[in-house]
Protein chains: 2
Amino acid sequence: MRVSIDDVAARAKVSTATVSRALRGLPKVNPATRARVLAVAQEMGYVPSPSATRLATGRTRTVGVLVPFIDRWYFAHALEGIDQELREHGYNLLLFSLGGYRHGQQRRFTEQMVRKQIDALVVLCLGLSSAELGELKLTHVPMISVGGPVEGCHGVHIDDAAAASAATQHLIDLGHRKIAHLSGGINDEKNFVVPTLRSEAFEATLRRAGLQFRPEWNVAGDFTVGEGAAAAARLFELPGERPTAIFCGSDEMALGLMFEAKRRGIRIPEDLSVIGIDDHDFSAPAGLSTMAQQPVQHGLLAAQMLLAELDGKPGAIHEENMPFKLIQRDSTAPPA
Amino acid sequence: MRVSIDDVAARAKVSTATVSRALRGLPKVNPATRARVLAVAQEMGYVPSPSATRLATGRTRTVGVLVPFIDRWYFAHALEGIDQELREHGYNLLLFSLGGYRHGQQRRFTEQMVRKQIDALVVLCLGLSSAELGELKLTHVPMISVGGPVEGCHGVHIDDAAAASAATQHLIDLGHRKIAHLSGGINDEKNFVVPTLRSEAFEATLRRAGLQFRPEWNVAGDFTVGEGAAAAARLFELPGERPTAIFCGSDEMALGLMFEAKRRGIRIPEDLSVIGIDDHDFSAPAGLSTMAQQPVQHGLLAAQMLLAELDGKPGAIHEENMPFKLIQRDSTAPPA
DNA sequence: CTGTTAGCGCGTTCAG
DNA sequence: CTGAACGCGCTAACAG
């Protein structure tokens, strides 16, 4: 059943060292010998034991991915990209989901989980506390963030401020003056800065255009459709003047808002223009204008940088700003 | 930096064997000794090397999860459930994404990937060929399927035929006679039977009610919004009589259809009733009636069964039918 | 080019 | 209750 390297060596009449070298394609092995070893290994169905290899080399050929949730558009797609790249290079992907942005005791992942289990780590859209970051640094595991800047750690992501600003500017360019904002981050931890970056950019862009920033037109969701719809309801029920456009911190919240608008007979874009960020799978079918980003590419690139670093190319891990672009669909138009 | 069991043993003035026993809570260790060892280990920051433990015990404390995609509602949620349960018991989750339902050469995961890397395997909504199944069986790794029946392998999932039948019956009960069907599985592999089960149940339920089954009203998507919308477009452009209701093989496709309907001015539910299966995150905000299932629970239970089996309880892995229930929202109503 | 010899770090008999 | 010694399966020097 379980055939080990010694069995192969015996059968091929060579030493285990030679088998090891032959199988791993190392130089300095007689082609004839290599061929024989390969043949024997093949016919015996030999597969090296990863555990033994790990113990001997100290490398696991495994990359860890730390993620707050997996059931969110950005995370799932970034994961797909990371996985593709890793798999292609024979690396394993060990998934650590925190099941939420919990803090403190709930999140003691650093020690047991990371220790000697992985060669590198991807931190997905997750604000880490400085204590957590410190612990991770101590393990000397190469590390990179994806989807949101993490202080003291390189990462690949879009320029959130620029993207938010461009989205807001699109509304302004269409002629809107009364613009509201549906921001993310209502339940997120302090260290996850993405929602803040987007909100601040929104406000700055408004002011730069000489427009009024109204705090009451600033509602918050948590990046989900459900909370997006709930926040929209709060906004729509505000007395007084109505905004003619709204910038949402994510497409998923924007879609929630659109559902709520439809329920109330608010027409989009006639009564209200809506723009989000992401280019979520639902956005095209729903006709939502958005600032598109490509999480799969983010994941792919991050994994590439990690693998390069592990491959002995120091400095391979660096900050990378990914492209985003406006996709105008049916949800934005000049104000009536 | 790296402190091993020998260091702890030396410092505590005991043998490595005693350290091992003390740390793992085995009986037959003097309480005083245990306390001292624990203290020393603690202060030295000792953490056992997983690689060494694996090699010595032959167990990896890792469960593999095989999944076609991760960026789909069902998979992401089931994964969340699996992860929760695993994490709680100190198990790792090794993710294998196939990035699609590819076949043949593209899918040689069985050997290298599974061999000696995992203690058990979860197969997520993935039809396996009999050859692949055979290979997996040979590894003697406990295995369970989630979300779709896999021949020759126990699993946890809903009764797809029953759920589809109930959804269809809901439309019939409302008084609909002209019912169409948006099925999944257009691009899926033959061995993934879920779409077929649902479609067949739809047809059978129709016939049982004495209603006509019209092949031309049977369009197919691939479980995504995009394809759902595309399929809906094909349906809506058919000449002649229009259906008054439609049963969709998944909520995501149903939502795609709703977007397409809105674009064409087809009112829901006035002109067309729509029901899906899942209770996708978008369904409640969108007001979509559905046959709800709970993938997180599916994943949780599957992981529990696997862990029980690994814990020495043979027969822990068995077939389990999970509940589903009708949630009527705004997308279904009696025909006009 | 190839074989020998040590470890890698821990679990596990088997004596004591 | 505790310790000594061996083995898990493979890689990495170091000879030859």
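Below, chain A is the first sequence line, B the second, and so on; all start at residue 1.
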*Asks:* To the nearest Å, give me how far apart CZ (Arg59(B)) and P (dG11(C)) are.
*Replies:* 13 Å

*Asks:* For dG3(C) and Thr18(A) - does any side-chain N or O of the residue sit under 4.0 Å from the phosphate oxygens OP1/OP2?
*Replies:* yes

*Asks:* I need the CZ-C1' distance between Arg61(A) and dC10(D), as an integer number of Å.
*Replies:* 15 Å

*Asks:* Atom CD in Gln294(A), atom CD1 in Ile158(A): separation rounded to 0.5 Å?
*Replies:* 11.0 Å

*Asks:* Output the rounded distance in Å from NZ (Lys13(B)) to P (dA4(D)).
*Replies:* 14 Å

*Asks:* Is the distance from OP1 or OP2 of dT12(C) to the nearest side-chain N or O of Arg24(B) less than 4.0 Å?
*Replies:* yes

*Asks:* So which nucleotide from dC10(C), dC10(D), dC1(D) ends up closest to the side chain of Ile5(A)?
*Replies:* dC10(D)

*Asks:* The side chain of Ala17(A) is closest to which nucleotide in this list: dT4(C), dA4(D), dC10(C)?
*Replies:* dT4(C)

*Asks:* Is the shortest side-chain heavy-atom distance between Ile70(B) and Leu95(B) below 4.5 Å?
*Replies:* yes

*Asks:* Looking only at the side chain of Leu55(B) (C-beta and beyond, no hydrogens), which of the listed nucleotides dC10(D), dG3(C), dC8(D) gets closest?
*Replies:* dC8(D)

*Asks:* By nearest nucleotide on DNA chain D, pick out whichever of Arg21(B) and Ser4(A) is the more 5' one.
*Replies:* Arg21(B)

*Asks:* With a 4.0 Å limit, can you tell me whether Ser51(B) has a side-chain N or O closer than that to the phosphate oxygens OP1/OP2 of dG9(C)?
*Replies:* no

*Asks:* For the pair made of CZ in Arg34(A) and P in dC1(C), what is the distance, rounded to whole Å?
*Replies:* 9 Å

*Asks:* Under 4.0 Å, heavy atoms only, any strand: does Thr33(B) hit a base, just the sugar-phosphate, or nothing?
*Replies:* sugar-phosphate

*Asks:* Output yes when at least one side-chain N/O atom of Ser49(A) is less than 4.0 Å from OP1 or OP2 of dC10(D), else no.
*Replies:* no

*Asks:* With a 4.5 Å heavy-atom cut-off, do Leu300(B) and Gln84(B) have their side chains touching?
*Replies:* yes

*Asks:* Among dG9(C), dG3(C), dT11(D), which nucleotide has an atom closest to any side-chain atom of Ser15(A)?
*Replies:* dG3(C)

*Asks:* How close or far is atom P of dG9(C) from atom NZ of Lys116(A), stated in whole angstroms?
*Replies:* 7 Å

*Asks:* Can you measure Arg36(A) atom CZ to dC1(C) atom P for me and round it to whole angstrom units?
*Replies:* 14 Å

*Asks:* Please lay out, stage by stage, how Met305(A) and Ile144(A) fare under the test side-chain contact (heavy atoms from CB on, under 4.5 Å).
*Replies:* CA-CA 9 Å; Met305(A) 289 171 27; Ile144(A) 190 167; 3.1 Å; yes

*Asks:* State, yes or no, whether a side-chain contact exists between Leu307(A) and Leu86(A) at a heavy-atom distance under 4.5 Å.
*Replies:* yes

*Asks:* Separation of Arg54(A) atom CZ from dG7(C) atom P, in whole Å?
*Replies:* 24 Å

*Asks:* Rounding to a whole Å, what distance do you find between Leu23(B):CG and dT12(C):C1'?
*Replies:* 16 Å

